[in-house]
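Excluded from the calculations below are hydrogen atoms, water molecules and symmetry mates; all remaining heavy atoms, backbone and side chain alike, are included. Order of the sequence lines sets the chain letters (A, B, ...), proteins ahead of strands, with each chain counted from 1. Since the structure is predicted, the reported quantities are computational estimates derived from the model, not experimental observations.
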Protein chains: 4
Amino acid sequence: MSQRQSKSEAAGNRESERRRTILRAAIDVFARKGYHGCRIADVAREAGVAYGLVYHYFKNKDELLETVVETGWSGFVSRMRAVAEDEGNSLEAKVRGIADVAFEAYRVDPRAVKVLILEVARSPAGTQVVSRQQAFLDTIRMAADMFARAQGTGELRADLDPMLCASLLFGAIELGLTAFVSGLMEDRSPEALDRAKLQIAESFLRGVLPGAATSAEAAWKQEKVSSGTRPKAGKRS
Amino acid sequence: MSQRQSKSEAAGNRESERRRTILRAAIDVFARKGYHGCRIADVAREAGVAYGLVYHYFKNKDELLETVVETGWSGFVSRMRAVAEDEGNSLEAKVRGIADVAFEAYRVDPRAVKVLILEVARSPAGTQVVSRQQAFLDTIRMAADMFARAQGTGELRADLDPMLCASLLFGAIELGLTAFVSGLMEDRSPEALDRAKLQIAESFLRGVLPGAATSAEAAWKQEKVSSGTRPKAGKRS
Amino acid sequence: MSQRQSKSEAAGNRESERRRTILRAAIDVFARKGYHGCRIADVAREAGVAYGLVYHYFKNKDELLETVVETGWSGFVSRMRAVAEDEGNSLEAKVRGIADVAFEAYRVDPRAVKVLILEVARSPAGTQVVSRQQAFLDTIRMAADMFARAQGTGELRADLDPMLCASLLFGAIELGLTAFVSGLMEDRSPEALDRAKLQIAESFLRGVLPGAATSAEAAWKQEKVSSGTRPKAGKRS
Amino acid sequence: MSQRQSKSEAAGNRESERRRTILRAAIDVFARKGYHGCRIADVAREAGVAYGLVYHYFKNKDELLETVVETGWSGFVSRMRAVAEDEGNSLEAKVRGIADVAFEAYRVDPRAVKVLILEVARSPAGTQVVSRQQAFLDTIRMAADMFARAQGTGELRADLDPMLCASLLFGAIELGLTAFVSGLMEDRSPEALDRAKLQIAESFLRGVLPGAATSAEAAWKQEKVSSGTRPKAGKRS
DNA sequence: AATGAATGAGGTTTCATTCAT
DNA sequence: CATGAATGAAACCTCATTCAT
């Protein structure tokens with residue numbers, strides 16, 4: 001590649017730059033006031049662009065939200081899926097991995113996560129284009145499949161409903177994040193986030209894995225003391 | 001006494017009857033389309049009354065939602081609080097009691113629960129009157145207090161953040177209910193609901209109570225099979 | 001007359017009593033908020049009667065105002081007319097009589113006068129039933145006739161337009177009263193009212209009666225003839 | 001420079017052009033139907049613009065009226081003030097100047113004057129933002145000050161209340177204009193207007209300037225008491 | 001006669017979307 | 001690309017009037 005970009009490339013970059021500015025602004029405003037509570041004018045003002053420019057890049061307000069969601073959600077889901085469907089991993093590792101993905105997303109962009117939680121996870125059925133609601137439900141179903149498979153291999157207590165397990169996991173993660181988003185948790189330092197993530201994963205696992213104390217838990221307890229080796233379980237160093 | 005009520009009584013009943021009809025309709029419509037997605041006209045049509053009558057009983061749309069929420073939420077919260085602050089109960093009993101309250105509310109009036117979940121639990125901070133958002137957060141804080149006290153008596157693992165525990169519990173319950181609300185769970189029979197409630201409470205407790213299996217769990221296990229011991233489980237690599 | 005009234009008389013009195021209560025309330029509320037600024041509910045509340053009763057006695061809101069005006073205005077006008085058309089009186093006596101009538105009306109019922117000023121004297125042409133606007137204009141015309149006759153007898157300067165004289169007189173009276181109504185005049189004692197009445201009548205008469213030209217008038221007349229040097233007095237060339 | 005304006009200038013003109021069009025339309029419609037009697041739709045139709053554009057330039061209906069009033073009134077008042085406070089002028093010149101200003105305003109824009117008279121001068125106190133009513137009263141007070149100063153220099157009869165004089169002057173002018181506005185005066189030619197202006201100013205001055213008592217006044221005085229020597233006069237007891 | 005709940009037309013206001021420059 | 005004025009449908013809310021009791 002030459003150091004100078006071709007004209008169209010430059011334009012393309014310029015365009016996508018503007019586009020991204022607007023998208024960014026939309027996320028911020030949606031996070032602050034909600035989709036219904038904000039006007040296109042708010043997004044434009046936040047982005048520092050002219051009113052009409054929003055319509056240059058997005059067909060309408062709904063597409064704007066759609067794009068926000070897709071952008072934020074698709075990466076999230078694909079990372080989630082990668083973790084959940086990596087058959088090389090134990091269920092425990094997968095669960096910890098999912099928690100990692102969620103909390104990492106929050107660390108990187110809490111506003112975007114807030115929008116996803118507010119506008120995607122919840123919102124009346126009829127209101128929106130199918131995809132939005134579907135996206136969330138599909139993710140839960142994916143997790144449910146994961147749990148169902150785990151039951152097949154004896155990694156999950158057989159008496160639990162896999163769908164319910166999936167709901168519990170996401171419920172725990174979501175309200176855990178909500179606690180941060182809403183200000184219920186006063187300490188929002190990276191360490192606090194990490195602690196929360198571990199407690200959530202660990203409590204969930206303790207609750208659903210077969211047997212008494214899980215090895216994971218044992219390991220985790222040990223980790224506190226020494227340097228607990230653990231097979232590729234997410235990002236923990 | 002005669003079978004007819006006195007005039008004022010009849011009027012009083014009539015009034016509150018109408019009022020309740022409208023409130024009921026509002027719950028239904030909010031549940032179906034969300035607060036923003038519905039028009040006063042929808043509520044009026046659903047209630048079978050004239051447009052303006054809604055404004056006879058409620059100052060404006062917002063007060064209507066406020067009333068819906070207050071009505072539904074206050075009963076819910078007070079029952080919740082009664083359970084959580086009954087010091088005669090063990091933590092386990094309290095947690096099960098809270099699950100009972102939530103699922104019973106859903107059984108009695110799923111629509112109302114849906115509205116509470118959609119419009120109260122989540123919704124951008126600045127938008128609403130304090131009370132709505134506050135109500136939800138206060139409930140979580142109440143549960144957090146409960147868990148903190150339980151740590152004092154050794155009923156809860158000392159290494160867990162009480163606030164996080166509260167979030168987990170409500171997250172599990174909420175997304176468990178959401179699974180029903182959203183149609184993720186196909187079987188919505190009372191039995192299925194009950195099963196879900198038990199699984200949620202039990203998994204949560206298993207996850208957060210100190211020690212190995214809880215007494216409840218032990219009982220439950222026995223009830224199910226006989227020897228469900230599984231060899232330390234761990235991970236199949 | 002017997003001391004007891006017949007039943008129908010009693011009823012009639014009761015009725016007119018209620019009716020008068022409502023009329024009274026309407027005057028007060030109209031005076032306070034204006035016709036457009038008040039609701040039937042305000043009138044009912046002020047009168048201490050039920051909402052619908054207003055409609056029992058008056059066909060609609062407009063008729064209510066109409067009645068207020070008629071009641072207040074007709075007495076006013078007939079007294080005015082009696083003074084203006086009493087050919088036994090000099091013009092001066094008539095003018096003073098008109099001022100008497102107006103200020104007496106104000107003394108007796110300042111609110112009613114306020115309503116008459118606000119809602120009758122002024123108000124866009126098309127808006128109202130003819131009668132209201134007409135009533136006011138007719139009164140001015142009546143006074144104009146009076147002035148025209150006075151010109152015939154030499155009691156009024158021949159160079160003045162009678163219609164304009166009428167306007168001036170009522171303008172002076174009206175804004176004089178307005179000064180009291182609006183609070184511009186701090187002293188609202190009966191004595192102050194009387195003083196104002198006399199000053200108004202006297203100044204008006206001094207201005208319009210024939211007789212020795214005042215120095216000011218003389219100067220002005222001269223200007224017309226010669227080149228009236230006047231120290232930069234506005235736009236006159 | 002080219003004959004074409006720069007873009008921003010053009011835009012600026014365009015904007016204020018539209019704004020002025022709407023303001024103009026509002027004046028016309030208010031004059032025709034009154035503030036309460038007209039709908040925003042009427043203003044928009046009159047201006048030949050879309051419904052919503054009115055709200056692009058004015059926050060709401062009330063601000064529209066407010067702006068109409070301010071625009072029309074402020075120029076009027078400042079011109080009035082210039083005349084009233086020009087100490088190089090005699091009282092007589094000032095009074096004539098004020099009449100000039102008022103009638104000139106009417107000649108230039110009778111509709112606007114009508115609105116000012118209808119919606120500003122009179123209208124219930126509580127209804128409006130302070131400024132509107134205040135503006136009118138302040139103007140009267142300004143004139144009252146002028147008259148008070150004139151009493152200090154002996155230019156005005158000492159026995160008159162300055163505030164009342166101001167009321168008389170504006171009452172005369174206002175109802176004089178009303179006579180034209182309302183159609184009482186059939187001849188509305190510039191000459192007729194001029195004639196009216198002169199008669200008003202002259203009659204007023206004749207009435208309030210010191211100087212030889214008119215015969216009428218003399219007669220009246222005699223009738224009342226006996227020794228009505230005037231000079232210092234003060235308030236009659 | 002008296003009450004006040006019920007009705008619904010009519011007005012205001014908002015704001016997504018289009019369009020001319 | 002960029003701008004922001006212009007558009008108008010759609011929602012909210014008010015309140016005069018009617019009606020059942």
Inset, instruction - Starting from P on dG8(F), measure out to NE2 on His56(D) and report it in whole angstrom. - result: 15 Å

Inset, instruction - In whole angstrom, give the distance that lies between atom CG of Leu64(C) and atom C1' of dT17(F). - result: 14 Å

Legend entry - Lys/Arg-Asp/Glu bridge criterion (N-O < 4.0 Å) met for Arg32(B), Glu46(B): yes

Inset, instruction - Give the nucleotide from the list dA16(F), dT7(E), dT3(E) with an atom nearest to the side chain of Val49(C). - result: dT3(E)

Inset, instruction - Using the closest heavy atom to pick a nucleotide of DNA chain E for each, name whichever of Lys59(D) or Gly48(B) lands nearer the 5' end. - result: Gly48(B)

Inset, instruction - Rounded off to whole Å, could you give me the CG-to-P distance for the Asn60(B) and dA11(F) pair? - result: 17 Å

Legend entry - Separation of dC19(F) P from Leu53(C) CG (nearest whole Å): 17 Å

Inset, instruction - Give the rounded distance in Å between these two atoms: OH of Tyr51(C) and P of dT17(F). - result: 10 Å

Inset, instruction - Check whether any side-chain N or O of Arg18(D) sits under 4.0 Å from OP1 or OP2 of dA6(F), and answer yes or no. - result: yes

Inset, instruction - Answer with base, sugar-phosphate or nothing: what part of the nucleic acid does Ile40(D) contact at a heavy-atom distance below 4.0 Å? - result: sugar-phosphate

Legend entry - Side chains of Val69(C) and Glu66(C) in contact at under 4.5 Å (non-hydrogen atoms): no

Inset, instruction - Answer yes or no: is there an ion pair linking Asp28(B) with Lys114(B), defined by an N-O contact shorter than 4.0 Å? - result: no

Legend entry - Closest nucleotide among dG11(E), dA16(F), dC15(E) to the Arg39(A) side chain: dC15(E)

Inset, instruction - Could you check whether the rings of Phe30(D) and Tyr35(D) sit parallel, tilted or perpendicular, using 30° and 60° as the cut-offs? - result: perpendicular

Inset, instruction - Could you check how far CD of Glu63(C) sits from P of dT17(F), rounded to whole Å? - result: 10 Å

Inset, instruction - Would you indicate, yes or no, if dA5(E) has its OP1 or OP2 atom less than 4.0 angstrom from a side-chain nitrogen or oxygen of Tyr57(B)? - result: no

Inset, instruction - Identify the two heavy atoms, one from Val43(C) and one from Ile22(C), that lie closest to each other, and give their separation to 0.1 Å. - result: CG1-O, 4.0 Å

Inset, instruction - Return the nearest nucleotide to the side chain of Tyr55(A); candidates are dT18(E), dG4(E), dT7(F). - result: dT18(E)

Legend entry - Nearest-Å distance for atom pair OH/P, residues Tyr35(B) and dC12(F): 8 Å

Inset, instruction - Return yes if some donor-acceptor pair links the side-chain N/O of Arg19(C) with the main-chain N/O of Tyr57(C) below 3.5 Å, else return no. - result: yes

Inset, instruction - State, with a plain yes or no, whether a side-chain heavy atom of Thr67(A) is found less than 4.5 Å away from one of Glu70(A). - result: no

Inset, instruction - Taking Watson-Crick and G-U wobble pairs with both distances under 3.5 Å, convert DNA chain E into its dot-bracket string, 5' to 3', dots for unpaired and | for cross-strand pairs. - result: .||||||||||||||||||||

Inset, instruction - Please report, rounded to the nearest Å, how far the P atom of dA10(F) is from the NE2 atom of His36(A). - result: 17 Å

